[in-house]
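As the structure lists them, so they are numbered: ligands from 1, and atoms in each ligand from 1. Scope of the values below: all heavy atoms of this structure, side chains included, with no hydrogens, waters or symmetry mates. Bear in mind the structure is a predicted one, so any value in this text is a computation, not a measurement.
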Amino acid sequence: KVSVMCDHAMLAIRTIKDSFRNRVAYYKTELRESFIGDHRIISEFESAINNGHFRPYVQPQIASNGCIRGGEVLVRWFHPTDGMIRPDQFIKILEQTGVISRLDRHMWELACIQLKRWDEMGLKKSYLSINISQKDFYLLDVYNVITGLIYKYNIDPARLHLEVTESAIMDDPTNHLQLIARLRKRGFIVEIDDFGSGYSSLNMLKDLDADVLKIDMGFLQKTTNPEKSTTILKMIIALAKSLNMQVITEGVEKLEQVEFLSRFGCDIYQGFYFAKPMPVE
Ligand code: C2E
Ligand code: CA
Ligand code: CA
């Protein structure tokens, strides 16, 4: 009985491990279920990756003139018994345990293989964006892994876009800004993902040289004051343009949004209004 209570207490503590404010945590049965779920993900991960159960979906990115410019690679786990699992079910736990870098490296390679295939089909213009997780900066030699891949598959680096979140950069600005500069110098296109969702946006922009600012409509819309968020969006786009950055807006769901975004000067759109993430075929 006592040992079960201790187990429960440990599970409850896990929920406030990263929080300085909470000093009390309560145990609920859901905690046990999510713990078991997390355990299952970790224990099945290695065989899933080796058996090709992680596959790339691609969500098109469309220019203002309606042409597809490229797309973002978004992982899907095809589980033999549970079917397709979305990233929000497993990315977080893979990040916590550091296994994410193994998955990311795998997805980056799949992206390169796909670009190579497109090359052979004569579709030399399309690019693919890959996601770099915050943990990757610590667990991988990002520069060597990525340059190694484009060398192995003989791909123009400009066709591999690298999505890095502002929080990942601000986690260790000195080193990460340097790395980004090296990658850009080598010819990669660097995109700042989920811009505006962190706390350091404007401060970061003054030190950062990136090619693309990627703004998510989603978190700008989670507000009681939509007019204000539209104004902010307009200003961010203007700011990015004056800093010589391209703008991608993601999470675009309605025609009305496309209309005002194009008035504001957005270059590229990604979202359900145009297309959901889909298998490469
Ligand atoms: P993200 O990088 O911000 O990717 C965009 C997410 O927004 C995708 O969710 C996409 O399906 C969703 N989305 C696209 N258009 C719309 C829209 O119009 N409305 C709404 N409501 N949502 C839209 P998804 O595929 O479930 O991926 C979730 C997150 O998981 C991604 O967010 C990314 O942070 C992470 N992720 C996905 N694949 C990878 C990967 O290979 N490596 C790493 N490190 N993270 C990944
Ligand atoms: Ca992304
Ligand atoms: Ca994003």
Closer than 4.0 angstrom, basic N to acidic O: yes or no for D136 and R105?
no
Quiz question for you: does at least one protein heavy atom lie closer than 4.0 Å to atom 39 (C) of ligand 1?
yes
Protein N/O/S count near the Ca ion (ligand 3) (criterion: distance under 3.0 Å)
3
Rounded to the nearest 0.5 Å, what separation is found between the CG atom of L123 and the NZ atom of K125?
11.0 Å
Nearest non-hydrogen protein atom, atom 16 (C) of ligand 1:
F272 CE2, 3.2 Å
Closest approach of E163 and S129, non-hydrogen atoms and distance?
OE2-CB, 3.3 Å
Looking at non-hydrogen atoms alone, which of N131, V73, D104 comes nearest to atom 42 (N) of ligand 1?
D104
Could you work out, for atom 15 (N) of ligand 1, the closest of E250, H106, Q59, E253 by heavy-atom distance?
Q59
State whether the number of non-hydrogen atoms from other residues, nucleotides or ligands found under 6.0 Å of Y151 atom OH is greater than 12.
no
Quick check on contacts: which atoms of ligand 1 are under 4.0 angstrom from a heavy atom of D193?
2 (O)
Considering residues at least two apart in sequence or located in another chain, which fulfil the side chain to side chain contact (heavy atoms under 4.5 Å, CB included) criterion with R40?
E44, H79, T81, D82
Residue selection (non-hydrogen contact nearest atom 1 (P) of ligand 1) among Q257, K135, E72:
E72
Considering only non-hydrogen protein atoms, determine which one is nearest to atom 9 (O) of ligand 1 and report residue, atom name and distance to 0.1 Å.
R86 NH2, 3.9 Å
May I ask whether K276 places a heavy atom under 4.0 Å from ligand 1?
no
Counting only heavy atoms on the protein side, is anything nearer than 4.0 Å to atom 34 (O) of ligand 1?
no
Working to the nearest 0.5 Å, report the span between CG of N154 and CG of L149.
13.0 Å
Answer yes or no for P277: is there a heavy-atom contact with ligand 1 below 4.0 Å?
yes
Near V252, which atoms of ligand 1 are under 4.0 Å from a heavy atom of that residue?
18 (O)
Would atom 12 (C) of ligand 1 count as contacted, meaning some protein heavy atom under 4.0 Å?
no
Tell me, which protein residue and heavy-atom name are nearest atom 30 (O) of ligand 1, and how many Å apart are they?
P87 CB, 3.5 Å
Quick check: does S129 put an N/O/S atom under 3.0 Å from the Ca ion (ligand 2)?
no
Short version for E95: what comes under 4.0 Å of ligand 1, heavy atoms counted, is neither
